[in-house]
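Everything on this sheet refers to the single structure shown next.
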Amino acid sequence: MATVSEALSIALDHHIAGRVAEAEALYGRILEAVPGHPDASHLMGLLLAQTGRVAAALDHLDAAVAGDPASPTYHLNLGKVQNALGRTADAAASWLATLRLQPDHGEAAERLAPALRLLAETAFDSGALASATALYERVLALDPQNLSAAFDAAMAVKTLGRLHEAARLARRAARLDPTLLRARMAEAEAWQALGQTERAVAALRPALALDPAHGGCWASLCLLHNDLGQRGAAVVAGRRAALATPTDTGLLVRLAAAQQIAEKPRPALATVRRGLSLDPASAALHLALGAALDAVHALEAAGRALDRAGRLRPGDAAALAELSRLCERAGLAERAAALLQRALAARPDDGDSWVAHGRAALRRGDAARASRCAHWALRLAPGLPTGLLLAGAVREAQGADREALDLYDRAIAAAPGIGTGFSRRAMLLLRRAVGDAPLPRRASGKRRLSVSTLGNAGRFGNQLLQYGYLRVCAERNGMELETPEWIGRHLYGLDDPLPGPPLPSLHEEDCGVPALLDGRALSGAGGHDVAGYFCGETTSLAPYRARFRALFTPVGAVAERAAAALDGLRARGRTLVAIHLRRGDFGRNDRFWIAPEGWYLDWLADLWTTLDRPVLYLATDAPELADRFARYRPVLAGDLGAPLPGAEFFTDHWILSRADHVAVSNSSFSVTAAMLNPTLRAALRPDRKTARLVPFDPWNGPVLLP
């Protein structure tokens with residue numbers, strides 16, 4: 001009688017030769033004699049599977065594995081049968097067992113990867129993202145070139161909030177398929193969510209190279225450039241997005257927002273109106289229209305647009321909040337308060353609305369209520385600049401000056417472009433250092449010209465431009481200028497009346513500076529409240545330069561400090577050369593760019609030996625730069641005495657306005673100093689086109705260069 005081994009060999013010969021019935025009968029007799037025999041169970045299972053009896057095969061293959069769990073082959077074939085029966089998870093477990101027993105088993109690895117991917121996709125679709133992620137990672141360990149696993153894993157971990165992993169996996173997918181635009185966008189979105197904006201921009205550039213007309217990429221890039229403060233680049237990206245999909249009104253809303261941030265309200269108006277021609281019933285577009293009209297101080301038209309947005313989207317918190325802030329600026333306090341209450345009821349997490357509510361409370365003298373509003377605003381949005389300013393104003397009103405100064409400093413650091421923090425800090429400290437400013441004059445009854453934004457829009461140099469242009473304008477046209485509290489009252493003894501009831505708004509861009517100066521834009525009998533930065537051409541103001549300079553004559557203790565600083569500097573040499581290098585709040589966007597110190601050093605190298613006993617003054621908020629100019633032994637403000645509290649920059653501005661040779665930065669600070677300089681021999685400014693300093697006339701050209 002044949003042994004089991006011999007019978008198994010005969011059965012296998014039948015099996016290989018295709019004599020299936022004979023092989024099956026012999027396998028059956030062996031299993032009757034030795035139930036669960038591993039080899040016989042395995043071979044019977046294979047035969048049944050090969051002849052279409054897959055379900056019957058499963059029991060035999062299970063028995064084979066149970067009889068010899070150390071056989072990689074048994075696990076492999078069990079997995080095949082399980083997979084054929086749709087039991088993917090069991091099949092994957094069998095193939096994993098194969099690989100544990102034989103790590104280099106190629107077929108098991110090849111079969112396992114798609115099974116795991118299928119399980120991962122099933123888990124993803126069912127919302128089991130953590131399980132899906134773990135499965136995708138195992139697929140990638142087996143098959144590092146698996147594109148779909150890399151991309152899907154990126155989507156899973158992104159949804160789980162594991163953003164660093166999402167960026168890594170999306171970048172991996174993009175490397176596997178450089179044409180996969182979605183992977184580039186996913187990586188950019190992950191970096192953006194992590195606050196790593198520059199890396200997000202870098203991820204989008206290859207996507208745009210693949211599809212330069214992809215509106216979604218351009219729209220994302222628009223937002224990213226805004227986050228980086230690159231306003232011009234944001235507008236360009238927004239415009240490209242709108243061109244790529246010209247009928248997408250959502251992109252037009254985004255472009256208008258970028259234009260607003262870039263302080264281009266008129267292009268924003270044009271963009272919004274184009275969108276409204278496509279969709280006149282869009283609440284978002286009417287809201288954007290209201291914001292753009294508000295920015296150009298067309299308050300009445302802005303109110304109509306915001307009312308329309310509110311009717312299209314009743315109870316919309318954004319429309320209510322924007323309209324309430326508009327009413328606040330227009331002096332409609334009761335309506336502003338009512339709208340704010342509705343806005344906060346609809347959206348109690350809106351920090352800006354809490355700030356507006358707090359400002360209204362502070363104007364009523366309710367500092368406690370204002371303090372609670374500031375607290376809520378900053379709790380909702382820590383670091384919110386307007387929230388910090390409100391909190392500072394509250395603490396100042398309560399006499400807690402040190403805390404107020406800390407809050408103003410935080411607001412300045414968070415938003416250097418908002419002039420309010422700068423002005424509030426300056427005036428608080430100047431009152432301590434030089435006493436109260438002159439009391440505002442009583443209104444004379446002349447036609448009124450107001451500049452209600454003075455001290456809030458722009459910092460020192462720009463405030464001088466706003467005041468100087470409009471004071472000259474008022475005097476030329478028989479009007480009286482009204483100004484809020486601002487730093488010029490302390491430094492220059494200016495005592496203009498405070499603003500009276502709100503006046504119709506007028507923006508410099510609506511009429512142009514020449515029409516303001518000669519009165520053509522000021523025909524309204526009641527006067528106007530003029531807004532603008534006045535950083536364009538200075539030519540039209542040039543005939544009034546003597547009056548402009550006379551306005552900004554230091555008084556009292558400020559004048560004494562100014563004289564002492566200039567005398568101390570003149571005692572060191574005969575020819576005074578002054579350079580302005582602005583750093584602290586510059587270089588954050590493409591409008592306020594920084595010129596390299598090398599351009600100034602090149603100029604000095606050519607100039608220095610031609611001068612009679614020259615002395616170099618370095619006006620800068622980065623004194624460490626003095627080392628670059630060490631061979632010229634530069635003098636800094638600190639060398640000429642203690643700074644003026646609140647106006648620590650004043651010595652720099654004063655010396656620039658009295659030097660013989662001045663090299664400015666691309667900043668209204670030093671350009672206004674050059675305008676105020678009555679004995680200036682030469683003025684130079686940085687020019688990006690030629691990458692050097694070029695001569696300029698501060699009274700015949702733009703204040704800022706592109």
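Nothing fancy with the numbering, it's 1 onward along the sequence. All values derive from a computational prediction rather than experimental measurement.
Counting heavy atoms from C-beta outward, Trp218 and Leu243 have side chains that stay 4.5 Å or more apart. Between Met185 and Cys217, some side-chain heavy-atom pair lies under the 4.5 Å cut-off. Residues Gln196 and His164 form a side-chain contact, since some pair of their non-hydrogen atoms from C-beta on lies under 4.5 Å apart. Contact check for Asp307 versus Arg311: side-chain heavy atoms found under the 4.5 Å cut-off. Within the 4.5 Å cutoff, no side-chain heavy atoms of Thr420 are placed close to those of Thr386.
Note that CG of Asp248 is 11.5 Å distant from CG of Leu255, once rounded to the nearest 0.5 Å. The OG atom of Ser667 lies 7.5 Å from the CG atom of Leu704; values are rounded to the nearest 0.5 Å. We find the CZ-CG distance between Arg274 and Leu269 to be 13.0 Å, quoted to the nearest 0.5 Å. Annotation: the span from Trp354 atom CH2 to Asp349 atom CG amounts to 11.0 Å, rounded to 0.5 Å. Interatomic distance, Asp401 CG to Arg395 CZ, rounded to the nearest 0.5 Å: 10.0 Å. Distance check, rounded to the nearest 0.5 Å: CG of Leu306 to NE2 of His286 gives 10.5 Å.
Contact check on Asp409 versus Arg425 returns a salt bridge, with a Lys/Arg side-chain nitrogen under 4.0 Å from an Asp/Glu carboxylate oxygen. Note on Arg172 versus Glu165: no salt bridge recorded, every NZ/NE/NH1/NH2 to OD/OE distance being 4.0 Å or above.
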Quick one, Ile418 with Leu389, criterion side-chain contact (heavy atoms from CB on, under 4.5 Å). Give me CA distance, side-chain angles, the key distance, then yes/no.
CA-CA 10 Å; Ile418 298 177; Leu389 290 171; 4.2 Å; yes
Just do the side-chain contact (heavy atoms from CB on, under 4.5 Å) check on Ser371 and His375 with the steps written out, would you?
CA-CA 6 Å; Ser371 180; His375 170 78; 5.7 Å; no
List the steps and the verdict of side-chain contact (heavy atoms from CB on, under 4.5 Å) for His357 and Leu344.
CA-CA 9 Å; His357 197 49; Leu344 285 169; 4.3 Å; yes
Full working for side-chain contact (heavy atoms from CB on, under 4.5 Å) between Asp621 and Arg582:
CA-CA 6 Å; Asp621 51 5; Arg582 185 165 177 174; 4.0 Å; yes
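Residues Gly383 and Leu388 approach most closely at O-CD1, 3.8 Å, considering heavy atoms. Heavy atoms only, all atoms of each residue included: Ala268 and Ala256 are closest at CB-O, 3.7 Å. Considering every non-hydrogen atom in both Glu187 and Ala167, the closest pair reads CG-O, 3.8 Å. Contact detail for Asn462 and Cys535: the closest heavy-atom pair is ND2-SG, 3.2 Å. The minimum heavy-atom distance linking Ala343 with Ser353 is given by the pair CB-OG, 4.2 Å. What you find for Ala370 and Leu390 is that their closest heavy atoms are O-CD2, 3.9 Å.
Sorted pairs that involve residues 175-186 and meet salt bridge (charged side-chain N to carboxylate O under 4.0 Å, His left out), not counting sequence neighbours, are lacking altogether.
Around atom CD of Gln398, more than 12 heavy atoms belonging to other residues, nucleotides or ligands sit under 6.0 Å away.
Between the side chain of Tyr408 and the main chain of Ser423, no donor-acceptor pair closer than 3.5 Å is present. For the pair Thr249 (side chain) and Asp279 (backbone), a donor-acceptor distance under 3.5 Å is absent.
Checked against Leu252 for a side chain to side chain contact (heavy atoms under 4.5 Å, CB included), the options Thr247, Thr245, Leu278, Val272 give a single hit: Leu278.
Listed by chain and number, the residues in a salt bridge (charged side-chain N to carboxylate O under 4.0 Å, His left out) with Arg342 amount to none (sequence neighbours excluded).
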